[in-house]
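Beneath this line is the structure, given in structure tokens, with notes to follow.
Note that the structure is predicted; figures quoted are calculated from it, not measured.
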Amino acid sequence: MEEPVLDERKWKIFTAIIKNYLETGEPVGSRTIARYTDLNLSSATIRNEMSDLEEMGLIIQPHTSAGRIPSDKGYRLYVNHLMKQDDRDEKEINKVLISRVDRLELVLRQLAQMLAQNTNYAAMITGPQYQGNKLKFLQLSKVDETKVLIVIVVEGNIVRNSVLNIGVDVSPDELLKLNVMLNSALTGLTIDEINLNLITQLKSQAGPQHKALVEAVVDAVAEAIRYDAERPQIYTSGAKNIFQYPELSDQESAKKLISTFENKEELAQFMNPPADGNGDSNGNDIQVYIGEESPVKDMKDFSVVTTKYNLGHGLQGTVGVIGPKRMDYEKVVSTLKTMKEQLDEIYGGDGAKPEAGAGDSAESKADSGPGERGPDQ
């Protein structure tokens, strides 16, 4: 949708309405704008300009005889303009980053709490996940006559172990050949690259007696590769901050927010922005969801601003702030940009990443990131 074009006078009045409403939470009238701007315009002239802005859908009048408040479309125009501005001078986020806490999990927990305190909104941070994860190696070992242990190593040295009940005896020579064949075919592939044609080819090479084993191995590899994406680990903090804003303090809004914070799978929808998302076009990786733009149906009364941090080697996570539609976008965007840059520099510069031990089971991962937290933790 093409953005409306405002002349200088309309833009000053429009931004004055935005900023005044962000500060007070109250509808803004023409007299307030007359005092707020340096335009030296009469209240009547300002009312005419506000009427034009209302026709453009940028502001609305919540009640008869009341002032105006920004619409979702108005917030979107303001945010898009904000994204095009030059980056602000960086502010030091906190000594928690500068001092390089040894465990990344502790850093993320502290950052979620700090972000909520600094913005006075709710905050969420996901543990790092592997994007486009690939198989590094697999090993089949005989347990007994009908069982085989499969050890799967994926990028980041994450190890998954599981026992396959194959129902038939496999000789050491046959197992060696299967190991060579499967590693030659699957090593370096992502889940999307392990397709039906490849699986059919592997079954054919393995022969009729080992088709079931090959299928079980491919299933185990696929499960190991997509493990992270299906189990998002998210820290949240500051849910109570939201209830300071009158428009979100009613019981229904509170219930929706708490429910979403407890349902990590819903929050995880903010981790992967849509192809036609509303992010920054200048490479800042900022995504802003205003009201109905939210991918989570229970977040339509809120605004959510997110950015991704990058630890190198395909490790990425998401940092987000949740607040009212009248949130201080400028402050939130600036804070997230600085936090992202600090994380990228301190933890991504040398490729630091969590490691997993060889004894991890299919349901565990050493140092994989923070565990799930409840609201305000």
Side-chain angles (χ1 to χ4, degrees), residues 104 127-233 271-272 308 310-317 348 350-369:
L104 179 60
Q129 296 178 301
Y130 286 89
Q131 307 299 312
N133 208 358
K134 299 178 181 179
L135 174 71
K136 289 185 67 175
F137 178 75
L138 67 85
Q139 176 68 45
L140 297 174
S141 303
K142 192 171 181 178
V143 177
D144 59 30
E145 291 183 355
T146 61
K147 293 180 180 178
V148 170
L149 171 67
I150 178 172
V151 179
I152 301 169
V153 183
V154 297
E155 281 190 341
N157 293 329
I158 300 170
V159 180
R160 310 283 181 225
N161 302 334
S162 60
V163 176
L164 306 177
N165 191 345
I166 58 177
V168 296
D169 192 10
V170 181
S171 70
D173 286 343
E174 289 175 321
L175 205 57
L176 177 59
K177 291 178 181 178
L178 286 170
N179 271 313
V180 172
M181 180 192 74
L182 290 168
N183 275 290
S184 298
L186 300 178
T187 297
L189 298 186
T190 66
I191 185 66
D192 293 331
E193 294 169 329
I194 303 176
N195 53 40
L196 184 58
N197 288 337
L198 178 58
I199 297 172
T200 301
Q201 182 182 348
L202 290 174
K203 287 181 179 179
S204 176
Q205 292 178 14
Q209 68 274 31
H210 298 314
K211 287 174 61 177
L213 174 57
V214 168
E215 187 170 357
V217 168
V218 170
D219 288 344
V221 169
E223 172 65 18
I225 291 176
R226 63 173 171 252
Y227 179 86
D228 281 352
E230 293 184 349
R231 294 165 174 83
Q233 296 172 323
M271 294 165 52
N272 298 306
K308 288 186 178 296
N310 190 343
L311 304 188
H313 301 279
L315 263 177
Q316 291 185 350
D350 58 2
K353 60 182 182 295
E355 295 182 354
D360 290 350
S361 70
E363 294 301 324
S364 67
K365 179 175 66 177
D367 294 340
S368 62

Checklist entry - If you round to the nearest 0.5 Å, how far is CG of Leu213 from CD1 of Ile150? => result 8.0 Å
Item to check | Counterpart residues, side chain to side chain contact (heavy atoms under 4.5 Å, CB included), relative to Asp173 (two or more places apart) | outcome: Ser171
Checklist entry - What's the verdict on side chain to side chain contact (heavy atoms under 4.5 Å, CB included) for Leu189 and Val221, showing C-alpha distance, side-chain angles and the deciding distance? => result CA-CA 10 Å; Leu189 298 186; Val221 169; over 6 Å; no
Checklist outcome for this item: For Ala185 and Leu202, the nearest pair of non-hydrogen atoms, with its separation, is CB-CD2, 3.5 Å
Checklist outcome for this item: Note: Thr187 and Phe137 closest approach over all heavy atoms is OG1-CA, 4.5 Å
Item to check | Approximate separation, where rounding is to 0.5 Å, of Asp169 CG and Glu174 CD | outcome: 8.0 Å
Checklist outcome for this item: Residues at least two apart in sequence or cross-chain that pass side-chain hydrogen bond (donor to acceptor under 3.5 Å, both in side chains) with Lys177, listed by chain then number, are none
Checklist outcome for this item: For Ala206 and Val214 the tightest heavy-atom approach is CB-CG2, 3.4 Å
Next on the checklist: Can you tell me how far apart CD (Gln139) and CG (Leu175) are? Round to the nearest 0.5 Å.
Outcome noted: 7.5 Å
Item to check | Side-chain heavy-atom pair Val170, Lys142 within 4.5 angstrom cut-off | outcome: no
Checklist entry - Any donor-acceptor pair under 3.5 Å linking the side chain of Asn179 with the backbone of Leu140? => result yes
Next on the checklist: Show the nearest heavy-atom pair for residues Leu164 and Ala216, with the distance to one decimal.
Outcome noted: CD1-CB, 4.1 Å
Next on the checklist: Quick check for you: to the nearest 0.5 Å, what is the distance between Thr200 atom OG1 and Glu215 atom CD?
Outcome noted: 9.5 Å
Checklist entry - Is the closest side-chain heavy-atom distance between Asp144 and Thr146 below 4.5 Å? => result yes
Next on the checklist: Is there a side chain to side chain contact (heavy atoms under 4.5 Å, CB included) between Val217 and Val148? Walk through the geometry before answering.
Outcome noted: CA-CA 10 Å; Val217 168; Val148 170; over 6 Å; no
Next on the checklist: Just to verify, what does Glu193 make a salt bridge (Lys or Arg N to Asp or Glu O under 4.0 Å) with, not counting sequence neighbours?
Outcome noted: none
Checklist outcome for this item: All heavy atoms of Ile199 vs all of Ile194, minimum pair found to be CG1-CG2, 4.3 Å
Next on the checklist: Could you measure the distance from the CD atom of Gln205 to the CG atom of Leu178? Nearest 0.5 Å is fine.
Outcome noted: 10.5 Å
